[in-house]
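Down below is the structure, laid out as structure tokens.
The chain is numbered in sequence order, starting from 1.
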Amino acid sequence: MQQRAANEAPPRWLAPSQGWFKINSDAAFYENKHSGATASVIQDHRGVFQAAQARWYDRGFDACLMEALACRDGLVLAKQQGIQQVWLETDCLELVNLWNKKDVQRSIVDPVLKEIDDLRLAFQDFSFSYISRTCNKVAHVLAKQVSSTHRTEMWHVTPACVLDLVLFEASAG
């Protein structure tokens, strides 16, 4: 495990530029059941919560595919909200690397990457990047809010389970 230098600041959530909205996405994958959940949260340039959703999937091939579905679901939510400038973040570096090589690679995630590529055309501006797991806690917690018996959840106000995290991110970002 690589350790941070004593004078190096820990990674933190960064707010997007004014006019942009950030979508943080995450997935929970249960390997023993080959199922999982996705979550996406949208925040503005001040870190103010705009909307979020979580979805349960009965079938998932692996964690990377679930992360791709989380990104796709987040873009669908942003499109529904009428957002035009989107910064999509995931804590799955493998997915970002696949995205950056999408024209020359083939993987199980490829069909979802094609959906993401089609969805990005709905936005005026689009950015897709990796973020440390420590900066993606809101989406992580929201992914745990659904299950096979409680399949979807949508929020238009900050849910109590992440209120402190959202306020902390907004003050740090």
Side-chain angles (χ1 to χ4, degrees), residues 11-14 16 21-43 47 49-81 83 86-102 105-120 122-123 126-156 158-166 168-169:
R12 62 184 178 91
W13 185 87
L14 297 174
F21 291 84
K22 185 183 274 193
I23 304 169
N24 285 96
S25 64
D26 199 16
F29 179 65
Y30 305 98
E31 191 170 359
N32 59 333
K33 298 178 184 177
H34 289 282
S35 60
T38 66
S40 303
V41 58
I42 301 174
Q43 291 169 271
F49 181 94
Q50 301 295 307
Q53 69 178 8
R55 295 181 179 270
W56 179 261
Y57 287 87
D58 288 324
R59 301 200 188 279
F61 181 75
D62 65 10
C64 187
L65 179 59
M66 293 304 298
E67 295 283 354
L69 291 170
C71 290
R72 183 208 53 201
D73 292 349
L75 289 176
V76 169
L77 179 62
K79 185 177 174 184
Q80 291 169 346
Q81 300 293 313
I83 293 171
V86 170
W87 179 7
L88 176 62
E89 286 189 326
T90 178
D91 60 16
C92 182
L93 184 57
E94 178 184 2
L95 182 61
V96 172
N97 288 337
L98 288 170
W99 171 260
N100 289 332
K101 297 176 183 176
K102 65 184 177 293
Q105 61 79 32
R106 297 211 194 296
S107 74
I108 191 75
V109 179
D110 197 48
V112 182
L113 289 175
K114 286 187 182 348
E115 287 183 66
I116 292 169
D117 200 31
D118 289 343
L119 281 165
R120 78 173 172 82
F123 304 104
F126 175 81
S127 176
F128 185 31
S129 61
Y130 167 78
I131 188 169
S132 165
R133 285 186 183 179
T134 60
C135 303
N136 204 27
K137 292 178 182 175
V138 174
H140 179 77
V141 170
L142 293 179
K144 304 283 187 177
Q145 302 306 305
V146 293
S147 66
S148 62
T149 57
H150 183 79
R151 303 183 68 78
T152 61
E153 191 68 62
M154 178 80 73
W155 300 273
H156 294 286
T158 310
C161 62
V162 294
L163 181 58
D164 289 342
L165 288 172
V166 170
F168 176 76
E169 286 178 351

If only atom types and distance count, is the side chain of S40 paired as donor or acceptor with the main-chain N or O of S25 below 3.5 Å?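 A pair under 3.5 Å: no.
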Using the test side chain to side chain contact (heavy atoms under 4.5 Å, CB included), find all partners of K114 that sit at least two apart in sequence or belong to another chain.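 With neighbours one apart ignored, the set is D110.
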Nearest 0.5 Å, what's the [atom1]-[atom2] distance between [X] and [Y]?
X: I131; Y: L93; atom1: CD1; atom2: CG; result: 12.5 Å
X: L88; Y: L95; atom1: CG; atom2: CG; result: 8.5 Å
X: S107; Y: L113; atom1: OG; atom2: CG; result: 6.0 Å
X: C92; Y: L98; atom1: SG; atom2: CG; result: 8.0 Å
X: D91; Y: S132; atom1: CG; atom2: OG; result: 8.0 Å
X: R133; Y: D26; atom1: CZ; atom2: CG; result: 7.5 Å

Could you pull out the closest heavy-atom pair between [X] and [Y], with the gap in Å?
X: L77; Y: M154; result: CD1-SD, 3.8 Å
X: A139; Y: A39; result: O-CB, 3.3 Å
X: F49; Y: T158; result: CB-OG1, 3.1 Å
X: H156; Y: A51; result: ND1-CB, 4.1 Å
X: G36; Y: Y30; result: CA-CD1, 3.8 Å
X: V96; Y: S129; result: CG2-C, 3.7 Å

Sequence neighbours left out, what passes side-chain hydrogen bond (donor to acceptor under 3.5 Å, both in side chains) with [X]? Give chain and number order.
X: D73; answer: T38, Y57
X: K101; answer: none
X: H34; answer: none
X: S127; answer: none

Step-by-step side-chain contact (heavy atoms from CB on, under 4.5 Å) determination, L14 to R12: CA-CA 6 Å; L14 297 174; R12 62 184 178 91; 3.7 Å; yes
Should [X] and [Y] count as side-chain neighbours, where that means a heavy-atom distance under 4.5 Å?
X: W13; Y: N24; answer: yes
X: I42; Y: K22; answer: no
X: L69; Y: E67; answer: no
X: V41; Y: W155; answer: no
X: P159; Y: Q145; answer: no
X: K79; Y: L119; answer: yes

Any residue meeting ring-ring contact (aromatic ring centres under 6.0 Å, His included) with Y130, in chain and number order, not counting sequence neighbours: none
side-chain contact (heavy atoms from CB on, under 4.5 Å), that's the test. Do L65 and F29 meet it? Break it down for me. CA-CA 9 Å; L65 179 59; F29 179 65; over 6 Å; no
For I23 and C71, run side-chain contact (heavy atoms from CB on, under 4.5 Å): C-alpha distance rounded to whole Å, both residues' side-chain angles, the deciding distance at 0.1 Å, then the answer. CA-CA 8 Å; I23 304 169; C71 290; over 6 Å; no
Verify whether one side chain among W56 and S35 offers a donor that lies under 3.5 Å from an acceptor in the other. no
Could you check whether the rings of F128 and F126 sit parallel, tilted or perpendicular, using 30° and 60° as the cut-offs?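 Geometry flag for F126 against F128: tilted rings.
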Has E153 got more than 12 heavy atoms of other residues, nucleotides or ligands less than 6.0 Å from its CD? yes
For side-chain contact (heavy atoms from CB on, under 4.5 Å), just list the numbers for W99 and V109, CA-CA rounded to whole Å, side-chain angles, deciding distance to a tenth of an Å, and then say yes or no. CA-CA 10 Å; W99 171 260; V109 179; over 6 Å; no
